[in-house]
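The next block holds one structure in the form of structure tokens; read it before the comments.
Residues: numbered from 1 along the sequence shown. In this text, all values refer to a predicted model and were calculated from it rather than measured experimentally.
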Amino acid sequence: MVTAVEESVRFDELAELWLVVDPGLLVRPSLEAPGNLQLVWGEGSLREEFVTDSPTLAQWVMTLPSPIQGATFVANATERLALTPHDASHLLDVFVRYGLLSPQHRTPTAAEETWRRLGWGDALTFHRATRGLRWRHVYPEGAEVYTFYHVDKLVVPDEPRPSVDDPEHPQEVALPAPAQQFSAPDLRDVLRARRTCRNFARTSIDLDELSTILHWSFRRIAVVDSARYYATRVASESGKVGDAYPFLTVHVVFDPVQASAAGMGGRWLFRYSPHRHALVSVGQPEYPLKAVSELLWGVDFADGAPAVLILSINWAQYMWKYRTSHFYRMAHYDVGGFAQTALLVATGMGLRSFVTPAIDDDRLVDLLHVKPGEQDPTYLIAVGGSRSRHREPDPEPAGHEPEELP
């Protein structure tokens, strides 16, 4: 218990100090306490928050000079916030104890100033908020838990994993069996051939090729039952081959002309169902896309592509399993891994591919009929191959003997 004398001594000591305001301080509406404001500062597991119902206090804190002497803080708070000197001193003590004010002079680094100067200020706030978050996975009796922030608190999901919405459609398109071999079977050959294509003139894709890309990229293709690999099984409810990874939803947008030629009945917008290995028609927009560039802020690198894959993050799945904002990063790592697999499969089949995250978020949300914050389009992959790839080679002239390779 702190005595009045000890408290007075501490207040006197703080009054003499020059204190620096945390450079990452921000104010935002409080989601936990609607109508209040939340002051947030610090990095990673040392991040702190202070909730207030006083806009005057929040504005005053945001306009504090830095550095500021403790005595000046108390005098300023007494005048501007109508506090008693004792309450103002107590507020100073709270801010110092929790790191909003620090006697250690902390100025933005040269790198942080560069982030701000080049328009990355919002990204810097997020980077500092999630940097250094402490966590680890443990799996007691199959539950998914991990340490949370800077205390030894194990968080066990108190509700079942959100279900994956995969309704059947009476007119869904069952995909053919995927290929088991590729034209470039050696991984080294695939890596050498992998290129980002920016010209899809005179390209096409058939359902066999699309089936192969979707199967090898977005379905579970193996299940390991050993307890040692238990963590690999949490990607699906049942752990069966062919199940979906619940973190990701894939949509397929066909070139409308080629979709009609392929017998799609005029439908060109689909959601992929890994569980049934089928294309499920979603609500068709009134007007078809004239070009993929309508989704890419006018950039025309993917125009003419016969099929486009749109990878969307299912946020509820990540937030159920990972209870810290650090895993916003993980969501994008995962999508990148899925995208890279799709690009390598397409390359192994001799197809061209293009990938970009530079998408028109609102346009895609409207196109796919999804709700931002629940499911957000993140990556776009265009695929197609030269129309000449299916032609039979010309016969050798009579009397011609194949040249022997050395």
Problem - Trp41 side-chain N/O to Tyr98 backbone N/O, donor-acceptor pair under 3.5 Å - result: yes
Problem - Any donor-acceptor N or O pair under 3.5 Å, side chains Arg219, His215 - result: yes
Handout entry: Side-chain (Asp376) to main-chain (Gly373) donor-acceptor, under 3.5 angstrom
Key = yes
Exercise for the section: Answer whether the closest heavy-atom distance between the side chains of Leu344 and Leu191 falls below 4.5 Å. Expected result: yes
Exercise for the section: Ignoring hydrogens and angles, tell me if any N or O in the side chain of Asp303 forms a donor-acceptor pair with the backbone of Val292 under 3.5 Å. Expected result: yes
Exercise for the section: Starting at CG of Leu311, measure out to CG of Leu309 and round the result to the nearest 0.5 Å. Expected result: 7.0 Å
Exercise for the section: Begin with the C-alpha distance, continue with both residues' side-chain angles, and end with the deciding distance and a verdict on side chain to side chain contact (heavy atoms under 4.5 Å, CB included) for Val190 and Phe182. Expected result: CA-CA 10 Å; Val190 174; Phe182 302 137; over 6 Å; no
Exercise for the section: Taking the side chain as every heavy atom from C-beta outward, state whether Trp268 and Asp255 have any pair of such atoms under 4.5 Å apart. Expected result: no
Handout entry: Ser66 side chain to Val21 backbone, donor-acceptor under 3.5 Å
Key = yes
Practice task
Spell out, as yes or no, whether a donor-acceptor pair under 3.5 Å connects the side chain of Glu16 to the backbone of Gly70.
Solution key: no
Practice task
Look at atom CD of Glu79 and say whether more than 12 heavy atoms of other residues, nucleotides or ligands are closer to it than 6.0 Å.
Solution key: no
Practice task
Would you indicate whether the side-chain heavy atoms of Val345 and Leu351 approach each other to under 4.5 Å?
Solution key: no
Exercise for the section: Answer yes or no: are there more than 12 heavy-atom neighbours, outside Asp186 itself, under 6.0 Å from its atom CG? Expected result: yes
Completion exercise
Nearest heavy-atom approach of Ser217 to Ala342 is OG-CA, 3.1 Å
Practice task
Could you tell me whether the side chain of Asp208 reaches within less than 4.5 Å of the side chain of Met349, counting heavy atoms only?
Solution key: no
Handout entry: Test item: Arg271 side-chain N/O and Val282 main-chain N/O as donor-acceptor pair under 3.5 Å
Key = no
Fill in the blank from the handout: Closest non-hydrogen contact found for Gln69 with Ala15 is CG-O, 3.4 Å
Practice task
Heavy atoms only: give me the nearest Leu368-Ser312 pair and the separation to one decimal.
Solution key: CD1-OG, 4.2 Å
Handout entry: Straight-line distance of Leu124 CG to Arg131 CZ, nearest 0.5 Å
Key = 11.0 Å
Exercise for the section: Check whether any side-chain N or O of Glu209 sits under 3.5 Å from a backbone N or O of Asp206 as a donor-acceptor pair, and report yes or no. Expected result: yes
Problem - Side-chain donor or acceptor of Ser211 paired with backbone N/O of Leu175 under 3.5 Å - result: no
Practice task
Determine whether the aromatic ring centres of Trp120 and His127 lie less than 6.0 Å apart.
Solution key: no
Problem - Worked check of side chain to side chain contact (heavy atoms under 4.5 Å, CB included) between Arg363 and Leu289 - result: CA-CA 11 Å; Arg363 182 75 173 86; Leu289 288 175; 3.3 Å; yes
Completion exercise
Closest non-hydrogen atoms of Leu57 and Phe50, given as atom of the first, atom of the second and distance, are CD2-CE2, 3.7 Å
Practice task
State, with a plain yes or no, whether a side-chain heavy atom of Leu279 is found less than 4.5 Å away from one of Leu214.
Solution key: yes
Handout entry: Atom pair CG/CD1 of Leu19 and Ile68 - distance to nearest 0.5 Å
Key = 8.0 Å
Problem - Positive for ring-ring contact (aromatic ring centres under 6.0 Å, His included) with Tyr318, one of Tyr328, Phe247, Phe327 - result: Phe247
Practice task
Find out whether Gln171 and Ser281 are in side-chain contact, i.e. whether some heavy atom of one side chain is under 4.5 Å from a heavy atom of the other.
Solution key: no
Practice task
For the pair Arg276 (side chain) and Asp166 (backbone), establish whether a donor and an acceptor sit closer than 3.5 Å, ignoring hydrogens and angles.
Solution key: yes
Handout entry: Side-chain heavy atoms of Pro377 within contact of Asp361, under 4.5 Å
Key = no
Handout entry: side chain to side chain contact (heavy atoms under 4.5 Å, CB included) assessment of Val40 paired with Leu25
Key = CA-CA 6 Å; Val40 188; Leu25 172 66; over 6 Å; no
Practice task
Determine whether more than 12 heavy atoms belonging to other residues, nucleotides or ligands lie under 6.0 Å from atom CD of Glu113.
Solution key: yes
Practice task
Starting at CG of Leu83, measure out to CG of Asn76 and round the result to the nearest 0.5 Å.
Solution key: 10.5 Å
Problem - Heavy-atom pair of closest approach, residues Ser353 and Arg194 - result: OG-NH1, 3.6 Å
Exercise for the section: Evaluate side chain to side chain contact (heavy atoms under 4.5 Å, CB included) for Val27 paired with Gln59, printing each intermediate quantity in order. Expected result: CA-CA 9 Å; Val27 174; Gln59 182 181 19; over 6 Å; no
Problem - Spacing of Arg28 atom CZ and Leu39 atom CG [to the nearest 0.5 Å] - result: 10.0 Å
Handout entry: OG1 on Thr378 to CG on Leu364, rounded to 0.5 Å
Key = 10.0 Å
Problem - Flag, side chain of Arg116 to backbone of Gly121, donor-acceptor distance under 3.5 Å - result: no
Problem - CA sep, side-chain torsions, deciding dist, call: Arg329, Thr130, side chain to side chain donor-acceptor pair (under 3.5 Å) - result: CA-CA 9 Å; Arg329 303 181 182 192; Thr130 59; 3.0 Å; yes
Practice task
Compare every heavy atom of Cys197 with every heavy atom of Arg352, then report the nearest pair and how far apart it is.
Solution key: CD-SG, 3.5 Å
Problem - Side chains of Leu14 and Leu101 in contact at under 4.5 Å (non-hydrogen atoms) - result: no
Practice task
Run the ring-centre check on Phe338 versus Tyr379 and record whether the distance is less than 6.0 Å.
Solution key: no
Handout entry: Proximity of Trp60 and Phe73 rings by center, below 6.0 Å
Key = yes
